[in-house]
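See structure below.
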Amino acid sequence: MMYIKARILNLLNRAVKELQQEGVLPSEVPMEPGLERPAAAMHGDYATNLAMQWAKPARKAPRVIAQALAAKLQDYPELLAGVEIAGPGFVNLRLNPAVLQAELENIRSAGFAYGVSDWGVGRKVLLEYVSANPTGPLNIVSARAAAIGDSLARILKSQGLEVCREYYVNNAGRQIQLLGRSLYARWQESRGEVVDFPEDGYQGEYVKELAAGIAAERENSWEQLDKDTVSKVFAEQGVNRIIASHCRDLSDLGADFDNWFHELDLHVSGEIEAVLEELKTRGYLYEKEGALWFRSTDLGDDKDRVLRKANGDWAYLAADIAYHWNKLKRGYTELVDLWGPDHHGYIARLRAALQVLGCAPKAFKVHIVQQVNLWEGGKPVAMSKRAGRLVTLTDLLQDVGKDVARFFFLMRSTDSHLDFDLDLARRHTEDNPVFYIQYAHARICSILKKSSADGFDLPAVGEPVKAVEVSLPEETTLARELAAFPEVLETCVHTLEPHSLAFALRDIAAAFHRFYTVCRVLNSADIPCSRARLALIDAARVVLHNGLSLLGISAPESM
RNA sequence: GCGCCCAUAGCUCAAUUGGAUAGAGCGUCUGACUUCGGAUCAGAAGGUUAGGGGUUCGAUUCCUCUUGGGCGCACCA
């Protein structure tokens with residue numbers, strides 16, 4: 001199936017080719033025609049700025065080119081009912097209403113597959129997100145990253161891209177030892193011993209509970225072991241249990257991963273040494289003061305970075321470079337990472353390393369998932385990592401539920417700060433935007449149910465309905481919003497952000513609610529009209545369902 | 001001090017990545033149901049896009065300076 005926008009683009013490309021053959025446009029200049037939906041309805045369904053794009057290379061006034069283009073586009077009345085030149089040289093296109101009607105039919109026949117496309121086939125994306133240290137419960141920013149990453153993955157897959165959802169587990173290094181020592185200390189305390197809790201050790205009740213849980217299984221077998229060994233056991237067990245709990249929590253959020261990649265594997269497999277050898281061969285390594293350095297300043301970083309410390313340990317960056325190299329070796333051609341707000345300074349050095357390893361700068365994309373501020377009772381909720389006072393993903397899910405949590409995370413662009421209003425999120429009866437959309441879906445289902453009970457039959461897919469009935473502004477607006485759904489998904493793939501979909505669903509729901517107040521669907525005095533409107537809202541049901549499902553949010557039939 | 005990100009309506013945010021008259025929600029004010037779900041809808045008010053300069057047919061978007069915020073600046077991870 002070919003979507004409306006793609007069909008128009010075909011026409012534009014064909015017209016450009018003809019104009020090139022006729023000498024109106026120079027043939028040596030390649031250019032993708034710009035095609036967009038104008039903000040104002042008076043500017044038509046689509047508009048192209050092609051004439052302005054070509055003005056300079058063709059050395060012609062934009063309106064002259066627009067004139068020639070418009071003449072070509074007159075030949076396709078079955079698709080374009082109106083072609084107008086406006087402003088500095090826009091060509092505004094008005095769709096033949098029958099096209100919109102046919103698209104409603106497409107929506108209904110595709111059903112839950114509507115929006116699915118294959119234009120992204122061949123792209124292999126490794127999408128890494130959350131990747132929180134396995135030293136404590138997942139916090140709010142991790143929850144946000146999980147919702148964004150998971151929804152993005154669903155959208156990318158729907159457009160034919162191959163996606164691996166990956167979680168990088170930092171199970172090596174100092175913080176793991178520290179976790180082990182913290183657990184050990186809490187266990188000793190529980191036995192009545194007086195101990196010095198490690199400086200910078202992990203606070204919070206979960207450490208005590210975790211220690212008790214581990215000890216319950218092992219206690220008798222390690223009485224005779226030395227302190228370091230016991231700490232190590234605590235560390236291993238603790239990490240395993242925490243990873244398992246992350247896995248459960250993320251699953252509760254509907255954000256499952258395809259792969260959990262362990263940092264430790266890189267240390268064991270020798271990939272760190274191997275990747276450094278690569279960097280060395282290309283002349284980007286040097287030794288200074290006993291440490292091994294990466295000359296990242298040659299590639300846009302603002303200072304060189306240590307990869308192997310003077311004490312022989314790998315720096316974190318070394319493992320991370322090896323990790324990203326590993327992604328490339330697995331055949332992924334696009335590496336997309338969602339990182340926390342405090343890691344933005346890290347992008348330049350990793351990009352530098354990847355460039356050395358042959359990864360095009362554009363193939364490595366990082367979105368910073370910005371900070372989340374929780375609000376309650378008109379005031380920010382005070383959180384302190386030090387004292388272990390954190391609102392966790394688990395707390396949030398218990399508090400507001402999966403659907404609301406996900407939608408609130410998804411309705412802002414990734415790299416802008418998010419104010420999460422807990423009071424609004426908890427409200428089930430007022431202006432909660434999640435329910436606004438779900439309500440539209442439930443309302444449609446309710447009408448469809450009533451229609452069959454009252455003897456109105458929903459037209460079968462493929463069965464002709466009186467197309468002209470979709471003619472009131474509220475009807476056409478709704479139909480237009482629905483037909484734009486594939487383009488919204490395209491935008492999300494392009495920007496690698498899911499929030500446009502959340503906005504689009506809100507717009508679709510609004511268009512439906514407006515339609516509903518103006519247009520009576522079930523009217524026994526006008527059966528053809530009722531049938532046409534039933535088909536329209538059925539299409540709306542499909543799009544709302546599909547959109548919500550790409551966001552990982554349920555589409556209830558009743559609320 | 002250096003670097004990165006940000007600044008749009010009273011508040012929270014969009015703006016199809018350079019397009020036409022900058023749009024939504026909340027809040028405020030005024031309205032709308034005898035019938036399909038009022039968790040709804042309509043209307044009004046609200047803007048020099050922080051400020052100056054530049055690039056071009058065209059700038060919220062790109063460059064530059066100023067101001068004001070956030071975050072980084074470890075041989076931590």
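In the text below, chain A, chain B and the rest are named by the order of the sequence lines, each starting its count at 1. None of these values were measured; they are calculated from a predicted model.
Legend: salt bridge (charged side-chain N to carboxylate O under 4.0 Å, His left out) pairs involving residues 128-140 of chain A, not counting sequence neighbours, sorted by first then second residue: Glu128(A)-Lys327(A). Pairs engaging residues 33-54 of chain A under the salt bridge (charged side-chain N to carboxylate O under 4.0 Å, His left out) rule: Arg37(A)-Glu487(A), Asp45(A)-Arg480(A) [sequence neighbours left out].
Judged by atom type and distance alone, His344(A) does not reach the base of C5(B) through any side-chain donor-acceptor pair under 3.5 Å.
You can call His43(A) stacked on the base of A20(B); the centres are under 5.5 Å apart and the planes sit within 30°.
A distance of 6.0 Å or more separates the ring centres of Tyr3(A) and Phe485(A). Aromatic pair Phe420(A)/Trp375(A): ring centres not closer than 6.0 Å. In this structure, the ring of Phe364(A) has its center less than 6.0 angstrom from the ring center of His324(A). Tyr167(A) and Phe261(A) have their aromatic ring centers separated by at least 6.0 angstrom.
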Any N/O pairs under 3.5 Å between the protein and nucleotides 12-17 of chain B? List them or say none.
| unit_1 | atom_1 | unit_2 | atom_2 | d |
| --- | --- | --- | --- | --- |
| U12(B) | O2' | Arg412(A) | NH2 | 2.8 |
| C13(B) | OP1 | His417(A) | O | 2.8 |
| C13(B) | O5' | Arg412(A) | NE | 3.4 |
| C13(B) | O2' | Arg412(A) | NH1 | 3.2 |
| A14(B) | OP1 | Ser413(A) | N | 2.9 |
| A14(B) | OP1 | Ser413(A) | OG | 2.6 |
| A14(B) | OP1 | Ser416(A) | OG | 3.2 |
| A15(B) | OP1 | His499(A) | NE2 | 3.3 |
| U16(B) | N3 | Arg37(A) | O | 2.7 |
| U16(B) | O4 | Arg37(A) | O | 3.1 |

Short heteroatom pairs, N/O only, protein and nucleotides 34-37 of chain B, under 3.5 Å:
| unit_1 | atom_1 | unit_2 | atom_2 | d |
| --- | --- | --- | --- | --- |
| U35(B) | O2 | Arg520(A) | NH1 | 3.3 |
| C36(B) | O4' | Arg520(A) | NH1 | 3.3 |
| C36(B) | O4' | Arg520(A) | NH2 | 3.2 |
| C36(B) | O2 | Leu522(A) | N | 3.0 |
| C36(B) | N3 | Val521(A) | N | 2.9 |
| C36(B) | N4 | Tyr516(A) | O | 2.8 |
| C36(B) | N4 | Cys519(A) | O | 2.8 |
| G37(B) | OP1 | Ser446(A) | OG | 2.9 |
| G37(B) | O2' | Tyr439(A) | OH | 2.5 |
| G37(B) | O2' | Arg443(A) | NE | 2.7 |
| G37(B) | N7 | Ser446(A) | OG | 3.0 |
| G37(B) | O6 | Met559(A) | N | 3.4 |

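Dashed line: the shortest gap from a side-chain N or O of Arg514(A) to OP1 or OP2 of A42(B) is under 4.0 Å. Remark: Lys60(A) is not in phosphate contact with C57(B), judged by side-chain N or O atoms under 4.0 Å from OP1 or OP2.
A distance of about 24 Å separates the C1' atoms of A7(B) and G58(B), rounded to the whole Å.
Residues from residues 47-57 of chain A that place a heavy atom under 4.0 Å from any atom of RNA chain B, listed by number: Ala47(A), Asn49(A), Met52(A), Lys56(A).
Looking at heavy-atom distances under 4.0 Å, Arg506(A) makes contact with sugar-phosphate atoms alone, never a base.
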Compile the donor-acceptor pairs under 3.5 Å between side chains in residues 500-516 of chain A and protein atoms, sequence neighbours left out, one pair per line.
| unit_1 | atom_1 | unit_2 | atom_2 | d |
| --- | --- | --- | --- | --- |
| His513(A) | ND1 | Arg443(A) | NH1 | 3.1 |
| His513(A) | NE2 | Tyr436(A) | O | 3.3 |

